[in-house]
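Notes follow once the structure below has been shown.
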Amino acid sequence: MYSMFEGVNASEGIGIGKVVLAVEPDLSFEPHEVEDAAAEKARYQQALEVFCQKTEAQAERMKVTVGENEAEIMSGHIMLAQDPGLVDGINTAIDGGACAEKALVDTSTMFENMFLAMDDEMFRLRAADIADIRTGILAELLGKDVVDLSVLPAGSIVVVHDLTPSMTATIDKENVAGVVTEVGGRTSHSAIIARALEIPAVLSVPNACGALLNGTTVIVDGINGHVINDPDEQMLEDYQKRADAFAEEKHALEAFRGKPTVTADGDKKVLACNIGNPEDAKGAVDHDAEAIGLFRSEFLFMDAKELPSEDEQFEAYRKVAVTLKGAPVIIRTLDVGGDKEIPYLKLQKEDNPFMGYRAVRYCLDNADEYKVQLRALLRASAFGDIKIMVPLVTCVEELRQVKALVEECKAELATEGYKYNENIEVGIMMETAAAANIADILAEEAAFFSIGTNDLTGYTMASDRGNDKVSYLYSWYYPAVLRAIKNIIVNGVKAGIMVGMCGEAAADPLLTPLLISWGMEEFSVSAPSVLKTRKAISQWTKSDADALEAKVMQLKTADEVKAALEEAAR
Ligand code: PEP
Ligand code: MG
């Protein structure tokens, strides 16, 4: 008998497949004395060989699915696991009576600590590799499966507590039919990643890892936020039909590929893309984006083990600028804190992280670190149309301080003989209630605005974007949020600066007429939403949009607003 679970519809599409539970295995063991050291060493050797074979297969697959560089990291693991120093150490411990598990843990921990104590970055990276290898070989010895998202059978439904950015670096997206998580809302990073990978996803399904069993057939309905466990034949047939209809609709959108983004009366708009790393830039261009409206630079920091250097950042930003061939690229400076953790920055735990020491607040307080990023951005600006965007601004003082630092960096780079765009634009991510209220003041000093509705909705409604209990308040259909958005656009337009939107609301076709009515210029959406958004824009004339705006802005509740927008969209 089937059962149905409800969650958050985080990434559109319907996936049908078999559950692969991505739960960390329990690798605890009872150490025991061994008498037959030769047999124990052979047991270790056997586990090591299996580990190496699996890792080799993983590296081969990753070459195709992820890239040569990432695959090389896996090949490096094999060499390290076979390192004579490590192997000898383990054999000696077994000769001394230790079981293979204990010999492995003790010896590898000794090497790990030794690497950790070294100053050189290369050696510290080795320490992390040693820890990975230990997990892999220990799992072999204990006969446990380590979940490896880089090698999955076709049609896998990945069920995981949370989908982290590091997991997605290796995920084998060709074979993933759907994702189910236990935490995360529509604008959580798991959701953003799933949409970027175009994998149907339902998030925040309570106890999904306990309720969905490995190998059972599951339907992930990312359109309605349903997960159907063990469906019957009739259901499978129905959902297959819906999946086909979804694919057909997607195919029909191809008519908008290569077309300009214009309203029904020919007003030109910019359709940009949100990206998380330099490799995504190509995907954005392939999906027909005209610009990058938001490069979330914190992913560069989250994927690293320590602060990326100026050269590393420069390379990443330059790569995006070059890929976009002169089209605008808005790069947001480090947006750390809130739900974005960067462990090596060692930020203290706070009672209220979303209102705490984060984003521009952290950056201005660590100006030397911030200048590394600003210098890298300036240097990369010599290779394309890079614009700098400051997150979480609440007052004009913050913008002034950032601009002063940019000027300082320019002076330094000029003395050092570097090229950069002298007129680089510094704009603001409009995502706090404070910024929305002083949009007129900020518009005088910002080069552009980009509305971050993910946070703006949360801050305006005082509703945490990741908290299910208050998610009914987290909606941009509330008049409070619509007025905040309107105030930002209208004041930006009045001041003559570019106003865009990079929050998820930019891809909501119901909002499109309002944004057109207020005069918004740039829509920045995830790659798979580019064509859909171009279509939505093409359906509205300014006068129709104005008439709807006048009606909707009189309404008092979110439900009334949504109903009126839905009615108009029909
Ligand atoms: C936003 O807040 O709307 C936004 C685009 O940024 P992020 O989702 O990274 O906070
Ligand atoms: Mg934000």
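Both ligands and their constituent atoms are indexed starting at 1 by order of listing. Heads up: numbering here begins at 1 and tracks the sequence.
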Quick one: does [X]'s side chain get under 4.5 Å of [Y]'s, heavy atoms only?
X: Val360; Y: Thr333; result: no
X: Phe314; Y: Phe383; result: yes
X: Arg379; Y: Gln313; result: no

If you take all heavy atoms of [X] and [Y], which pair is closest and at what distance?
X: Thr541; Y: Ala264; result: CG2-CB, 3.7 Å
X: Asp221; Y: Val202; result: O-CG2, 3.5 Å
X: Arg361; Y: Glu398; result: CG-OE2, 4.1 Å
X: Ser450; Y: Glu522; result: OG-OE1, 4.4 Å

Taking [X] for its side chain and [Y] for its backbone only, find out whether a donor-acceptor pair lies under 3.5 Å.
X: Asn175; Y: Leu152; answer: yes
X: Asn491; Y: Asn487; answer: yes
X: Glu290; Y: Leu271; answer: yes

N/O separation below 3.5 Å, Met429 to ligand 1: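 No, Met429 has no N/O under 3.5 Å of an N/O on ligand 1.
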Those atoms of ligand 1 less than 4.0 Å from some heavy atom in [X]:
X: Glu431; answer: 1 (C), 2 (O)
X: Cys502; answer: 5 (C)
X: Arg296; answer: 4 (C), 5 (C), 6 (O), 7 (P), 8 (O), 9 (O)
X: Leu294; answer: 5 (C)

Check [X] against ligand 1 and report side chain, backbone, both or neither, counting heavy atoms closer than 4.0 Å.
X: Ile451; value: neither
X: Glu504; value: neither
X: Arg332; value: side chain

I would like to know whether Ile199 and Lys173 meet side-chain contact (heavy atoms from CB on, under 4.5 Å); could you show each step before the answer? CA-CA 8 Å; Ile199 300 173; Lys173 75 170 188 179; 4.1 Å; yes
Option whose closest heavy atom lies nearest to atom 7 (P) of ligand 1, chosen from Met430, Lys340, Glu298: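 Ranked by closest heavy atom to atom 7 (P) of ligand 1, first place is Lys340.
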Out of Asp455, Thr457, Asn454, the nearest non-hydrogen contact to atom 10 (O) of ligand 1 is supplied by Asp455
Heteroatoms of the protein, restricted to N/O/S, which lie under 2.8 Å from the Mg ion (ligand 2):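 Counting only protein N, O or S atoms under 2.8 Å from the Mg ion (ligand 2), the list reads Glu431 OE1, Asp455 OD2.
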